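Treat the numbers as computed from the prediction; the structure is a model and nothing was measured. Just so you know, ligand 1 is whichever comes first in the structure, and atom 1 is the first atom listed for that ligand. Residues take their numbers from the sequence shown, with the count starting at 1.
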Amino acid sequence: MIDTNQSLKPDRPNIITSEIKAIGFYRKMDTQAVVTQMLSGQYVLIEEFYSNGLQVLSELKRILQLKYKEKSFQGQRNYRSAFREASHRILLQVKDNKLQVKKCPDIGWLKGLYPDISDFFISFPDVQGLNSSWQWYQRGIEIPYLNLSIHPYYGSYFPTRFDHLILFGKWLKTYKGNRKKAIDIGVGSGVLSFQLIKNGFQKVFASDTNKNAIIGVSQESVRMGFGEKIDLSFGDLFSGCDFLADLIVFNPPWLVAKHSLEEGIDKAIYYEKELFPRFFEQAKKHLAPQGKLVLLFSNLAQVIGADDVHPIRKELENNNRFKKELRQQCSVKASSKKTKRSNSRKNEKVELWILKHKEM
Ligand SMILES: C[S@@+](CC[C@H](N)C(=O)[O-])C[C@H]1O[C@@H](n2cnc3c(N)ncnc32)[C@H](O)[C@@H]1O
């Protein structure tokens with residue numbers, strides 16, 4: 001384990017630590033009047049019950065939907081931005097790292113992410129985000145077939161569909177090469193690294209540009225007893241990795257970014273055009289002569305009608321670095337039986353690509 005990760009501080013929602021002037025909101029108050037004041041810039045502090053916050057939030061939604069009727073892309077964007085701005089003025093008070101309203105969820109992140117401070121104010125939407133993340137973290141996510149349960153840290157990417165992971169897991173069982181060293185680029189919740197170790201790899205170097213992913217996997221790997229086997233690096237691609245690997249795995253973002261990327265989950269979903277050329281250039285230098293490069297990808301871009309060029313095909317067609325050994329595809333199942341997918345996502349397929357060095 002790389003020691004520098006010990007000093008990483010997680011990204012966490014902003015909080016207010018000073019006294020604030022706010023309208024206290026109680027259930028019997030005139031919600032519309034309070035929201036109107038909030039829209040003019042005032043803070044609202046939720047009192048009594050957690051559900052009072054939901055009441056204010058839903059009134060805010062109603063009022064803003066009347067104002068932003070435009071259904072165009074820009075119109076809806078304006079609505080979301082106004083909603084985001086105003087809803088963050090709905091506050092909850094935290095004392096001793098606990099919410100100060102009745103019937104509220106018990107959220108461990110209020111302590112876990114704020115070990116340095118116990119009393120503060122935090123926005124209601126941020127509390128909702130923390131609560132949902134805490135549920136996933138505590139319950140864990142069972143990955144079928146792989147005999148693996150992951151506990152994703154706040155603010156890190158985690159899978160909710162598993163077909164691509166199972167495709168990789170099945171291939172890994174058939175893998176005949178060395179199992180000394182592997183590299184996992186974009187470790188996320190650690191799911192690929194943990195699979196590699198469970199399948200006999202002795203050392204995994206794993207990187208991510210998301211701090212929270214590194215902190216989470218660092219804690220989780222200790223909990224699983226894999227602490228000595230995973231070296232974590234908070235940084236870009238292969239930075240900090242000084243060995244040649246038998247296997248390099250990368251489950252990259254699957255969509256080209258048409259916007260400027262934010263830190264965090266955004267970079268798990270979208271990629272800048274230069275990501276893949278940079279990845280292949282560096283992978284060439286880090287793959288052992290007989291090593292395999294494993295990429296997980298999907299036709300999601302095509303399915304949603306984006307004009308993205310397939311970055312793996314592009315690499316194989318335009319450069320002399322790698323050649324294809326195998327490409328497998330499988331359809332994506334809905335994430336749960338209750339989830340109804342739109343027709344277009346029914347055509348979604350995930351892909352497993354195995355590449356090796358091209359002999360010159
Ligand atoms: C689709 S997620 C995959 C996470 C995990 N490996 C999995 O299979 O569930 C992609 C991950 O790559 C990370 N990432 C994106 N760009 C990166 C870069 N340039 N260097 C390292 N990690 C990156 C993201 O933060 C995210 O955690």
Side-chain angles (χ1 to χ4, degrees), residues 2 5 8 10-11 133 136 140-146 148-169 171-172 182-199 201 204-218 220-221 230-241 247-257 260-283 286 293-298 300-301 308 311-312 332 335 348 350-353:
I2 293 170
N5 294 321
L8 283 182
D11 285 328
S133 158
W136 286 109
I141 299 163
E142 292 285 335
I143 309 208
Y145 178 80
L146 300 178
L148 192 64
S149 162
I150 49 166
H151 295 263
Y153 194 82
Y154 172 77
S156 61
Y157 170 87
F158 58 91
T160 51
R161 296 163 188 222
F162 310 116
D163 308 84
H164 56 304
L165 303 172
I166 295 171
L167 207 52
F168 171 60
W171 175 82
L172 199 53
I183 298 175
D184 176 9
I185 298 295
V187 67
S189 59
V191 61
L192 300 179
S193 287
F194 298 149
Q195 277 193 76
L196 288 165
I197 291 171
K198 280 180 161 243
N199 281 277
F201 277 82
V204 178
F205 168 93
S207 73
D208 210 295
T209 45
N210 179 341
K211 256 195 276 183
N212 291 29
I214 296 297
I215 296 169
V217 176
S218 160
E220 192 57 7
S221 53
I230 304 187
D231 277 346
L232 289 160
S233 166
F234 165 51
D236 182 62
L237 299 176
F238 295 81
S239 64
C241 180
L247 214 62
I248 297 177
V249 299
F250 189 24
N251 176 16
W254 290 345
L255 297 171
V256 171
S260 80
L261 285 178
E262 287 172 24
E263 291 307 321
I265 297 291
D266 210 23
K267 287 192 176 171
I269 314 287
Y270 300 101
Y271 63 89
E272 281 157 358
K273 287 215 168 94
E274 281 312 298
L275 178 72
F276 281 90
R278 288 196 305 110
F279 168 78
F280 285 116
E281 188 194 350
Q282 295 180 32
H286 283 90
L293 187 54
V294 182
L295 286 127
L296 297 171
F297 209 66
S298 136
L300 181 62
D308 302 3
I312 305 169
V332 177
S335 48
E348 195 178 334
V350 283
E351 302 166 356
L352 169 81
W353 290 78

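For the pair P252 and ligand 1, a heavy-atom separation below 4.0 Å is found. Heavy-atom separations between S156 and ligand 1 are all 4.0 Å or longer.
The nearest heavy-atom contact from the protein to atom 4 (C) of ligand 1 is G186 O, 3.4 Å. Of all protein heavy atoms, the one closest to atom 2 (S) of ligand 1 is Y157 CD2, 3.5 Å. If you check which protein heavy atom lies closest to atom 15 (C) of ligand 1, you get K267 O, 3.2 Å. Of the protein's heavy atoms, T209 OG1, 3.8 Å lies nearest to atom 16 (N) of ligand 1. If you check which protein heavy atom lies closest to atom 20 (N) of ligand 1, you get L237 N, 2.8 Å.
Of all atoms in ligand 1, numbered sequentially from 1 with element shown, those under 4.0 Å from a heavy atom of G235 are 20 (N), 21 (C). Less than 4.0 angstrom separates some heavy atom of V187 from each of these atoms of ligand 1: 5 (C), 6 (N). Each of the following atoms of ligand 1 lies closer than 4.0 Å to a heavy atom of V191: 7 (C), 8 (O), 9 (O). Residue N251 approaches ligand 1 through these ligand atoms, each under 4.0 Å from one of its heavy atoms: 1 (C), 2 (S), 3 (C), 7 (C), 8 (O), 9 (O), 10 (C). When each atom of ligand 1 is checked for a heavy atom of L275 under 4.0 Å away, the hits are 19 (N). In the vicinity of D236, heavy-atom distances shorter than 4.0 Å reach the ligand 1 atoms 18 (C), 19 (N), 20 (N).
Here F194 contributes atom CZ and S149 contributes atom OG; the two are 10.5 Å apart, rounded to the nearest 0.5 Å.
Under the 3.5 Å distance criterion, the side-chain polar atoms of D184 are left unmatched by any main-chain donor or acceptor of V204. A donor-acceptor pair under 3.5 Å is formed between the side chain of S233 and the backbone N or O of S239. Between the side chain of S156 and the backbone N or O of P152 there is no donor-acceptor pair closer than 3.5 Å. A donor-acceptor pair under 3.5 Å links the side-chain atoms of N212 to the main chain of Y154, judged by distance alone.
Inclusion of N210 in the set of residues having an N or O under 3.5 Å from an N or O of ligand 1 is not warranted. The shortest N or O to N or O distance between L192 and ligand 1 is not under 3.5 Å. Checked against a 3.5 angstrom limit, the closest N/O atoms of S207 and ligand 1 fall outside it. Residue-to-ligand polar distances place D208 within reach of ligand 1: an N/O pair is separated by less than 3.5 Å.
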| request: Please lay out, stage by stage, how L196 and L172 fare under the test side chain to side chain contact (heavy atoms under 4.5 Å, CB included). | output: CA-CA 8 Å; L196 288 165; L172 199 53; 4.2 Å; yes
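Residue L352 is tested with V294, D163, I166 for a side chain to side chain contact (heavy atoms under 4.5 Å, CB included); the sole match is V294.
Under the 30°/60° scheme for interplanar angles, the aromatic rings of H164 and W254 are found to stand perpendicular.
Taking the six-membered ring for Trp and the full ring otherwise, the centers of F238 and F279 sit less than 6.0 Å from each other.
Residue A213 does not touch ligand 1, judged by heavy-atom distances below 4.0 Å.
No more than 12 heavy atoms of other residues, nucleotides or ligands shown are found within 6.0 angstrom of CH2 on W136.
Residues L165 and P159 are in side-chain contact: their nearest non-hydrogen atoms beyond the backbone lie under 4.5 Å apart.
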